[in-house]
Amino acid sequence: MIRVRFAPSPTGYLHVGGARTALFDWLFAKKNGGKFILRIEDTDTERSTKESEHSIVNDLKWCGLTWDEGPDVGGEYGPYRQSERVEKGIYQPYVDKLVSIQRAYYAIYDKEDMKKIVKKTFSSQEATLYKEKGHSVTVNFMVEEGKTIFHDLAKGKMEFDNSTFDDIVIVKSNGYPTYNFAVVVDDHLMKITHVVRGEDHLTNTPKQIMIYKALGWKLPVFMHIPLILGPDKSPLSKRHGGTSVSYFRNYGITSKAFVNYLALLGWGRKEEIFDPFKEIKEFELEKISKKPSIFDYSKLEWINGQHLRKMPLDEVMEEFKKWALINAKESLSWLEDEEYAQKVFEICRQKVNTLKVLYEFSYPFFCEEPPFEEKAREILKNECAPKCLGIAKENLSKLDEWSIENIEDKIREIALREDISKKKFFQVLRVALLGKTVTPGLFESIYVLGKARTIQRLSIVMKRI
RNA sequence: GCCCUCAUCGUCUAGCGGUCUAGGACACCGGCCUUUCACGCCGGCGGCUGGGGUUCGAAUCCCCAUGAGGGCGCCA
């Protein structure tokens, strides 16, 4: 049974790199009929927060990454929060064992110089004595001479000279295990078979392997996948425009598109628009690109647009509602007329790439009186505007069958008959009806608005100018 | 400074010794469509980091250099 874990530390939001790692972990587990496990690595008591854990869990779920075992759903190998594992004393026996076989020692630090070790001992009584006298004490793993060699699924044979490492602190002076120790114990106890994580962990691996060996444990398979960088090849950061999953969600990216893009980053495919969750069988860890990839915001937007146009309309509605609930200032009562809303979204989604822009496009359709842009007001100042609106109103109200074709024919006919330039006429109408210079097609828009709304809006604007 | 990793258009990638005058996608530029903006369609620009080998033959294999990224915490 393949068992893979994603092990974030709750010290911030979920980063796109983390999301991608989690996605690959998930895909690999599922492809092999294995389990995907979420473990919270909160041994940093200073920086870990519950809020952060919630937001990470929330973002993971938004991506569609669900876990078989984890802090909220439980599982055979729990608890799945390291802080709770500390409380249960899970790590202690292994610390004791390493000390008893003299592979780890208590390090006593100078009271003034916290960096300076004044004594090393294998006796816990002695360590306790020093602690009582106010010294900081850690447990350190002894690095032996020699080489640590392992096989990385992405990098191949990895060889490290142990002399490049200092002894490894495995228990902090506050009694908490350190990362390098806790992962080993937990991955072993949780029967993790494959450790797939970011490349930033590559040089931690030999340290962890030394601990595995000292404890006499079998190694999992390791694989380190490259990191995601910003457009200038520096690590992706806020100054590039946003790095968290929640940032993209609020920006109006759908989770389908987001996960699609993440998967594409490093996973070469002919068909670029796809649902990674449906292509599990095609996924191969070994084929993931070895080089760090640069996060391309514009391609993400393009992919999102493709999804918006391809997905069933009711799914667009669902996605939109979820987005608007958090991001739209106005209440969503205007979406209650489902039939009307669907029509609006159908014509709007053809021209937008994000839910946010979809909102901006569709909003004027739902207002009593749409707000007018500055440019729109100028167009209405045009001397022929009153005439245009009057004729349009008169003719449209007389239109029997309200169809796109009829609307178009009528309006074109007017323009021709009255000798008004189409460009001018159409812009005046567009702006009068929707308050914006950029909208979906004019005739579709009029059709979707319906006769009553159209006439009403024209009347209102005519009174105003 | 030391250790590790990586290297094809601006970006993501295909390529795994001859089929490469290097293919696709995004972006960019031009055209078509056209009522705005998009979508869509057509076309263009643009790349094997450099130097040595190996080989009849190298984007593909080896070495070196360079560049980029990571690590060297009682952070994870």
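Keep in mind that what you see is a predicted model, and the values were worked out from it rather than measured. Per chain, numbering begins at 1; letters A, B, ... match sequence-line order.
The closest donor-acceptor contact from the side chain of A:H194 to the backbone of A:V196 lies at 3.5 Å or more, if one exists at all.
Of the candidates B:rU11, B:rA7, B:rA76, B:rA7 carries the atom nearest the A:K291 side chain, counting heavy atoms from C-beta on. Of the candidate nucleotides B:rG69, B:rG73, B:rC6, B:rG73 has the atom lying nearest to any side-chain atom of A:D166. Closest to the side chain of A:F160, from the set B:rA25, B:rC4, B:rG69, is B:rC4. The side chain of A:K351 sits closest to B:rA38 out of B:rG10, B:rA38, B:rG71. With distances taken from any side-chain atom of A:D44 to the nucleotides B:rG70, B:rU35, B:rA76, the minimum falls on B:rA76. Taking only side-chain atoms of A:L229, from C-beta outward, the nucleotide of B:rA25, B:rA68, B:rU11 with the closest atom is B:rA68. Relative to the side chain of A:Q427, the nucleotides B:rG69, B:rC26, B:rU36 differ in distance, and B:rU36 lies closest. For A:K290, the listed nucleotide lying nearest its side chain is B:rC6; candidates were B:rC74, B:rA68, B:rC6. Residue A:K299 places its side chain closer to B:rC26 than to any other of B:rC74, B:rU35, B:rC26. Distance from the side chain of A:Y179 is smallest for B:rA76 among the nucleotides B:rA25, B:rU13, B:rA76.
Under 4.0 angstrom from either OP1 or OP2 of B:rC37 there lies no side-chain N or O belonging to A:T439. Using a 4.0 Å cut-off, no side-chain N or O of A:K436 falls inside it from OP1 or OP2 of B:rA38. Residue A:Q306 places at least one side-chain N or O closer than 4.0 Å to OP1 or OP2 of B:rG40. In terms of phosphate contacts, A:K424 brings no side-chain nitrogen or oxygen within less than 4.0 Å of OP1 or OP2 of B:rU36. For A:K172, a side-chain nitrogen or oxygen approaches OP1 or OP2 of B:rC75 to under 4.0 Å. Considering only side-chain N and O atoms, A:T11 lies nowhere under 4.0 angstrom from the phosphate OP1 or OP2 of B:rC75. Within the structure, every side-chain polar atom (N or O) of A:R269 is placed at least 4.0 Å from both OP1 and OP2 of B:rU13.
Applying the Watson-Crick and G-U wobble criteria (two distances, each under 3.5 Å), B:rC72 pairs with B:rG1. Base pairing of B:rA7 is made with B:rU66, judged by Watson-Crick or G-U wobble geometry with both donor-acceptor distances under 3.5 Å. In this structure, B:rG43 forms a base pair with B:rC29, meeting either the Watson-Crick or the G-U wobble geometry with both donor-acceptor distances under 3.5 Å. B:rA38 makes up no base pair with any nucleotide shown, lacking Watson-Crick or G-U wobble contacts both under 3.5 Å.
Taking the P atoms as reference points, B:rU49 lies 15 Å from B:rA68, given to the whole Å. If you take atom P in B:rG71 and the same atom in B:rG30, they sit 43 Å apart, rounded to whole Å. Taking the C1' atom of each, B:rC6 and B:rU13 are spaced 16 Å apart, rounded to whole Å. Rounded to whole Å, the separation between the P atoms of B:rU55 and B:rC42 comes to 47 Å. With C1' as the reference atom, B:rG46 and B:rA25 are 14 Å apart, rounded to whole Å. Atom C1' of B:rG53 sits at a distance of 28 Å from the matching atom of B:rC3, rounded to the whole Å. Nucleotides B:rG15 and B:rU60 have their P atoms positioned 15 Å apart, rounded to a whole Å. Atom name C1', nucleotides B:rC16 and B:rC48: the rounded distance is 14 Å, in whole Å.
When heavy atoms are screened at a 4.0 angstrom cut-off, A:G305 is found touching no nucleic acid atom at all. Looking at heavy-atom distances under 4.0 Å, A:P440 makes contact with a base. A:H224 comes within 4.0 angstrom of nothing in the nucleic acid, heavy atoms only. When heavy atoms are screened at a 4.0 angstrom cut-off, A:S293 is found touching the sugar-phosphate backbone but no base atom. Residue contacts shown for A:L442 include a base, since a base heavy atom lies under 4.0 Å away. Base contact: A:F443 has a heavy atom under 4.0 Å from a base atom. If you check every strand for non-hydrogen atoms under 4.0 Å, A:T437 touches a base. Among the atoms of the strands shown, base atoms are found under 4.0 Å from some heavy atom of A:T203. Contact annotation for A:S173: base contact, defined as any heavy-atom pair under 4.0 Å involving a base atom.
Between A:E378 and A:K375 there is no salt bridge, since none of the side-chain N atoms of the basic residue sits less than 4.0 Å from a carboxylate O of the acidic one. A salt bridge does not link A:E346 with A:K343: none of the charged nitrogens is closer than 4.0 Å to a carboxylate oxygen. The existence of a salt bridge linking A:E69 and A:R5 is excluded, since no basic side-chain nitrogen approaches an acidic carboxylate oxygen closer than 4.0 Å. Looking at A:R81 and A:E53, a side-chain N of the basic residue comes within less than 4.0 Å of a carboxylate O on the acidic one, giving a salt bridge. Ion pair A:E126/A:K119 flagged as a salt bridge, since at least one NZ, NE, NH1 or NH2 atom sits closer than 4.0 Å to an Asp/Glu carboxylate oxygen.
The CD1 atom of A:I273 sits 13 Å away from the P atom of B:rC39 (whole-angstrom rounding). The CG-C1' distance, from A:N353 to B:rA38, rounds to 9 Å in whole Å. Residue A:I168 contributes atom CD1, which lies 13 Å from atom C1' of B:rG71 at whole-angstrom precision. Rounding to whole angstrom units, CD of residue A:E444 and C1' of B:rU35 are separated by 10 Å. Note: CZ (A:R85) to C1' (B:rA76) measures 16 Å, nearest angstrom. Rounded to whole angstrom, the span from the CD1 atom of A:I225 across to the C1' atom of B:rG69 amounts to 15 Å. B:rC74 atom P lies 14 Å from atom CD of A:E46, rounded to whole Å. Whole-Å rounding puts the A:H201 NE2 to B:rC72 P distance at 10 Å.
Nearest-nucleotide assignment on RNA chain B puts the 5′-proximal partner with A:P292, out of A:K270 and A:P292. Heavy-atom distances to RNA chain B give each of A:K207 and A:R20 a nearest nucleotide, and the one nearer the 5′ end belongs to A:R20.
Residues A:N140 and A:T138 bring a donor and an acceptor atom of their side chains to less than 3.5 Å of each other. Side-chain atoms of A:Q82 and A:Y176 form no donor-acceptor pair, as typed in the model, at a separation below 3.5 Å.
Heavy-atom neighbours of A:F28 CZ from other residues, nucleotides or ligands within 6.0 Å: above the threshold of 12. Around atom NZ of A:K111, more than 12 heavy atoms belonging to other residues, nucleotides or ligands sit under 6.0 Å away.
Evaluation of atom-type donor-acceptor distances gives a pair under 3.5 Å for the side chain of A:N204 against the base of B:rA76.
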